[in-house]
Protein chains: 2
Amino acid sequence: MQFPLALAIIEDQAAIRETLHEYLCAQPEFRCVLISESVEAFLWDLPAAPAPPQLILSDIGLPGLTGIEGIPLIQAQLPDAQVLMLSVYADAERVFEALRAGAVGYLLKNTPLAQLKEHLLQVAAGGSPMSPGVARFVVQAFLGQSPQPAPAGIPLANLLPEEPLTARELEIVRGIEDGLSYKLIAERHYISLDTVRSHIRNVYRKLQVNSKAELMAQTLKRQRG
Amino acid sequence: MQFPLALAIIEDQAAIRETLHEYLCAQPEFRCVLISESVEAFLWDLPAAPAPPQLILSDIGLPGLTGIEGIPLIQAQLPDAQVLMLSVYADAERVFEALRAGAVGYLLKNTPLAQLKEHLLQVAAGGSPMSPGVARFVVQAFLGQSPQPAPAGIPLANLLPEEPLTARELEIVRGIEDGLSYKLIAERHYISLDTVRSHIRNVYRKLQVNSKAELMAQTLKRQRG
DNA sequence: GGCGGTATCGCATGAACGTGTGGTTTTGGG
DNA sequence: CCCAAAACCACACGTTCATGCGATACCGCC
């Protein structure tokens, strides 16, 4: 394997895109040949790239075509390129779709930059990096399926707690999962309505959601996955 | 998940065993309850352990019973424990055997200690850590087998509503379970916001709930119970 | 033709929620 | 002892939701 590896990034959120760009391109192992904010833009700009990308780091949740839908289109243009998915979603369905579509790995967005770099290098070396929580989906599918409720304590927090929820926050989340209103949660724990709000706010930030419904949807997916 | 996690190590090579022991047990997240040099020794000493291990880090190449052969025996004694394999072998056959036997992950012995620690924590959080080169075997096996083996169906029908939901209403409910707002549900089905409201109203009456949260809580309970 | 059920849509009002901004008190290390 | 993190509280504003009251249209069926 020869360095630098030609790298392309597809990510719609400017902040994340810039962070990835700045960090990865500062590494001697990589050379960024194309940075796009959508699959469409990527394909459009591809002919103008200084070199064909060997590695493509792509978001899934993109405007227009999703990252998953983009994989076959990208591979049609770049048969030798390897696509590594980056996503905030940790549900089995999306993981399977991505792998079936031809992705070689699947990382969650809370992966630290340094690990992300390592994973990209491992892709180039023939690996299939996956965030460990993601890997379990694949293992279970591989096993045909035998959903063992593995963790004894069951942290309903989330698969890969970049920022772990505090004990208090977990209690609040349990209240939401029980279908309670903020008012009832407040009464259950003898705290004020605003305090509940405050905790919820922090939970939403940590879990990257912005409504009760999204929070519960995340729990639902995790239980089905 | 509560710390420290009760950890056991099975490794025959004294040097590696001591390295793992010293490093991991120095971490506040872990508490070493049993260090053995073979599966047989592990099982023998298990009753004398200060606490039942929650995580077991086991080598594969052991004298006597191999680590893989040991998994079912260990799980018979510790149904809630999770076994993470550690091996110098990176061949597909052994990986598959280990996973089939019940291992939750498979790491190579060249994994840095810091990463090993992270992987163990991820196991406790429900992950399936695998060294990236190992992961590709599993992905390929996954892709090689039945395209849609068992995505765990949608038993949404088998709730017990005295009044059954119509097809349309079920679609709307699915939208809610995906965490969408009324607006997004309306867009998804090309109907107006008020129509969504109308359907939801009927669903709430039929299922005897009066908020999104209660509806989702009902779904959650049904899936757990 | 009339009748019931489903699907569609509109409007209005109060409650619940999400989010921004600011605080204080408590608590567990360094 | 001080700092940082967690828990607690408050106010304000806009958005979303829950629910009431309508309405029209299609379809199968007796």
Side-chain angles (χ1 to χ4, degrees), chain A residues 13 15 88 110 155-158 161-220, chain B residues 1-4 26-31 156-157 161-220:
Chain A
Q13 294 180 60
V88 293
N110 56 18
L156 42 77
N158 56 1
E162 187 190 3
E163 288 184 87
L165 299 188
T166 67
R168 197 54 158 169
E169 285 164 352
L170 282 173
E171 290 176 15
I172 305 291
V173 169
R174 261 187 281 276
I176 287 186
E177 287 172 354
D178 288 342
L180 306 180
S181 69
Y182 287 6
K183 193 147 103 105
L184 290 177
I185 295 175
E187 289 171 9
R188 176 190 277 195
H189 296 294
Y190 307 105
I191 58 180
S192 88
L193 190 59
D194 276 308
T195 301
V196 175
R197 270 197 243 270
S198 180
H199 286 304
I200 297 282
R201 204 187 331 236
N202 293 327
V203 170
Y204 283 6
R205 179 180 46 75
K206 290 183 180 177
L207 299 188
Q208 315 234 312
V209 299
N210 35 263
S211 75
K212 264 186 171 186
E214 282 180 48
L215 173 60
M216 299 182 78
Q218 205 174 88
T219 305
L220 267 173
Chain B
M1 179 181 5
Q2 61 235 4
F3 296 120
Q27 309 298 318
E29 293 90 344
F30 301 117
R31 177 187 169 208
L156 196 41
E162 312 205 356
E163 292 184 84
L165 299 187
T166 68
R168 197 53 159 171
E169 286 163 352
L170 281 173
E171 291 176 16
I172 305 291
V173 169
R174 262 187 281 276
I176 287 187
E177 288 172 355
D178 287 342
L180 306 180
S181 68
Y182 288 6
K183 193 145 102 104
L184 290 177
I185 295 175
E187 288 172 10
R188 175 190 277 196
H189 296 295
Y190 306 105
I191 59 181
S192 87
L193 191 59
D194 277 308
T195 301
V196 175
R197 270 198 249 270
S198 178
H199 286 304
I200 297 282
R201 197 174 337 183
N202 294 327
V203 169
Y204 282 6
R205 179 181 45 76
K206 290 182 181 176
L207 299 187
Q208 313 239 307
V209 298
N210 32 269
S211 75
K212 267 185 170 186
E214 282 179 48
L215 173 60
M216 298 182 80
Q218 202 173 92
T219 305
L220 266 173

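Naming convention: chains lettered A, B, ... in sequence-line order (proteins, then strands); numbering from 1 in each chain. Source: prediction; values computed, not measured.
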Show, in sequence, the C-alpha distance, side-chain angles and deciding distance for Leu215(B) and Ile200(B), and conclude whether the side chain to side chain contact (heavy atoms under 4.5 Å, CB included) test is met.
CA-CA 10 Å; Leu215(B) 173 60; Ile200(B) 297 282; 5.7 Å; no
Would you please test Thr195(A) and His189(A) for side chain to side chain contact (heavy atoms under 4.5 Å, CB included) and show each step?
CA-CA 10 Å; Thr195(A) 301; His189(A) 296 294; over 6 Å; no
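Between the side chain of Asp194(B) and the base of dC11(C), a donor-acceptor pair under 3.5 Å is found.
Listed nucleotides: dA10(D), dA7(D), dA7(C). Nearest to the side chain of Glu169(B): dA7(C). Of the listed nucleotides (dA12(D), dA7(C), dC9(C)), dC9(C) has the atom at the smallest distance from the side chain of Ser192(B). Listed nucleotides dC9(D), dC9(C), dC17(C) differ in distance to Lys212(A); the shortest reach to its side chain belongs to dC17(C). The Ser181(A) side chain lies nearest to dA16(C) when the options are dA16(C), dC17(D), dC9(C). Closest to the Thr195(A) side chain, of the nucleotides dT19(D), dC8(D), dT19(C), is dC8(D). Out of dT8(C), dT19(C), dC8(D), the shortest distance to the side chain of Ile191(A) is found at dC8(D). Each of dT21(C), dA7(C), dC17(C) was ranked by its minimum atom distance to the side chain of Arg168(B); first place goes to dA7(C).
Taking atom CZ on Arg197(B) and atom C1' on dG14(C), their separation rounds to 13 Å, with Å as the unit. As rounded to whole Å, 4 Å separates atom P of dT8(C) from atom NE2 of His199(B). Rounded to whole angstrom, the span from the CD1 atom of Ile172(B) across to the P atom of dC17(D) amounts to 13 Å. A straight line from NE2 of His189(B) to C1' of dT8(C) spans 14 Å, rounded to a whole angstrom. Straight-line distance from the CD1 atom of Ile185(A) to the C1' atom of dA7(D): 16 Å, rounded to whole Å. When rounded to the nearest whole Å, the span between OH of Tyr204(A) and P of dC17(C) equals 9 Å. Rounded to whole Å, atom P of dC21(D) lies 14 Å from atom CZ of Arg205(B). Distance Leu165(A) CG to dA7(D) P: 10 Å, rounded to the nearest Å.
To the nearest 0.5 Å, atom CZ of residue Arg201(B) and atom CZ of residue Arg205(B) are 10.5 Å apart.
Using a 4.0 Å heavy-atom distance criterion, Ser211(B) is classed as a sugar-phosphate-only contact.
Considering only side-chain N and O atoms, Thr166(B) lies under 4.0 angstrom from the phosphate OP1 or OP2 of dA7(C).
Across all their heavy atoms, Gly175(A) and Arg188(A) have their closest contact at CA-NH1, 3.9 Å.
Nearest-nucleotide positions on DNA chain C place Ala167(B) closer to the 5' end than the other of Ala167(B) and Leu193(B). Taking the nucleotide of DNA chain C with the nearest heavy atom to each of Lys183(A) and Arg201(A), the more 5' of the two is matched to Lys183(A).
Residues Ile172(B) and Val203(B) fail the side-chain proximity criterion, which asks for heavy atoms closer than 4.5 Å.
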